[in-house]
Amino acid sequence: LINMAIALSLFFGKVTSRLFLGRLRESEVELVWENTAYAIPETCLALTIFRDQLNPSVVGLFTTLLFCKIFHWLADARVEHIEQSQETSRLTHVRVSFLMIVLLV
């Protein structure tokens, strides 16, 4: 059951990434790996505070928090890339804008 939840989370992350950002650049992948190396232990330490109330819904909420953090990092990196890029399609602007709106809600 837990393996299925992890697989579905990774699948959801890949689909969301492709939908809003397209193919990730190498620098974006590196950014995610670097920041995730700090965010996961930080999240695990935060979970120890809630060990008495630890149930699947709390784990789900912390997983959602981790996904939101990752997509915020990616949106920030993509906006920086768009600012530095000479030619960027309107589709890229729309996709990143829509991602930021989804993250805002």
Side-chain angles (χ1 to χ4, degrees):
L1 187 62
I2 293 175
N3 289 338
M4 184 65 170
I6 291 171
L8 284 175
S9 297
L10 292 174
F11 176 74
F12 175 73
K14 285 279 192 185
V15 169
T16 306
S17 172
R18 288 289 175 135
L19 180 68
F20 291 119
L21 300 170
R23 294 187 55 80
L24 294 179
R25 294 177 296 115
E26 186 65 33
S27 62
E28 292 170 339
V29 173
E30 185 178 320
L31 174 79
V32 168
W33 280 109
E34 286 176 3
N35 288 343
T36 303
Y38 295 109
I40 289 177
E42 178 183 293
T43 302
C44 290
L45 285 173
L47 279 173
T48 61
I49 296 171
F50 301 105
R51 68 177 169 259
D52 294 336
Q53 297 91 2
L54 197 60
N55 57 34
S57 66
V58 172
V59 173
L61 288 172
F62 273 96
T63 303
T64 303
L65 173 68
L66 191 59
F67 272 97
C68 288
K69 281 183 175 186
I70 290 170
F71 282 107
H72 272 97
W73 301 328
L74 288 172
D76 185 45
R78 187 57 60 100
V79 168
E80 285 181 19
H81 174 70
I82 289 172
E83 288 175 349
Q84 296 172 358
S85 179
Q86 295 296 330
E87 292 185 20
T88 307
S89 68
R90 291 204 186 275
L91 178 63
T92 303
H93 285 277
V94 170
R95 289 165 91 175
V96 171
S97 298
F98 194 62
L99 173 62
M100 289 191 282
I101 289 168
V102 168
L103 288 173
L104 185 65
V105 174

Here the side-chain hydrogen bond (donor to acceptor under 3.5 Å, both in side chains) pairs for residues 49-59, sequence neighbours left out, are Asn55-Ser57
The reported gap from NE2 in His93 to CD1 in Ile82 (rounded to nearest 0.5 angstrom) is 5.5 Å
**Message:** Main chain of Ala5, side chain of Ser9: is a donor-acceptor contact present, judged purely on distance under 3.5 Å?
**Reply:** yes
* Are Leu24 and Val94 in one and the same hydrophobic cluster, where Ile, Leu, Val, Met, Phe, Trp and Tyr link if side-chain heavy atoms are under 4.5 Å apart? -> no
Leu19, Phe98: one ILVMFWY side-chain cluster at the under-4.5 Å cut-off?
-> yes
Please determine whether residues Val32 and Phe62 belong to a single hydrophobic cluster, defined as Ile, Leu, Val, Met, Phe, Trp and Tyr linked transitively by side-chain heavy-atom distances below 4.5 Å. no
One should read off an interatomic distance between Asp76 CG and Leu103 CG, to the nearest 0.5 angstrom, of 11.5 Å
| message | More than 12 heavy atoms of other residues, nucleotides or ligands under 6.0 Å from CG of Leu8: yes or no? | response | yes
Value for CG (Leu74) from OG (Ser17), rounded to nearest 0.5 Å, stands at 6.0 Å
Applied to residues 78-92, the salt bridge (Lys or Arg N to Asp or Glu O under 4.0 Å) test, sequence neighbours excluded, yields Glu28-Arg78
Quiz item: Is the Phe12 ring parallel, tilted or perpendicular to the Phe67 ring (thresholds 30°, 60°)?
Solution: perpendicular
| Evaluation steps, side chain to side chain contact (heavy atoms under 4.5 Å, CB included), between Arg95 and Leu99 | CA-CA 6 Å; Arg95 289 165 91 175; Leu99 173 62; over 6 Å; no
Quick note, side-chain hydrogen bond (donor to acceptor under 3.5 Å, both in side chains) partners involving residues 30-49, not counting sequence neighbours, are Glu42-Lys69
Quiz item: Are Ile40 and Leu65 connected in the hydrophobic side-chain network, where two residues link if heavy atoms are under 4.5 Å apart?
Solution: no
Please say yes or no: joined through hydrophobic side-chain contacts below 4.5 Å, possibly via intermediate residues, are Val29 and Trp73 part of one cluster? yes
Has His72 got a side-chain atom pairing as donor or acceptor with Cys68's backbone, closer than 3.5 angstrom? yes
All heavy atoms of Met100 vs all of Ala75, minimum pair found to be CG-CB, 4.3 Å
Verdict with supporting geometry, Val102 and Phe71, side chain to side chain contact (heavy atoms under 4.5 Å, CB included):
CA-CA 10 Å; Val102 168; Phe71 282 107; over 6 Å; no
One should read off an interatomic distance between Leu54 CG and Ile49 CD1, to the nearest 0.5 angstrom, of 12.0 Å
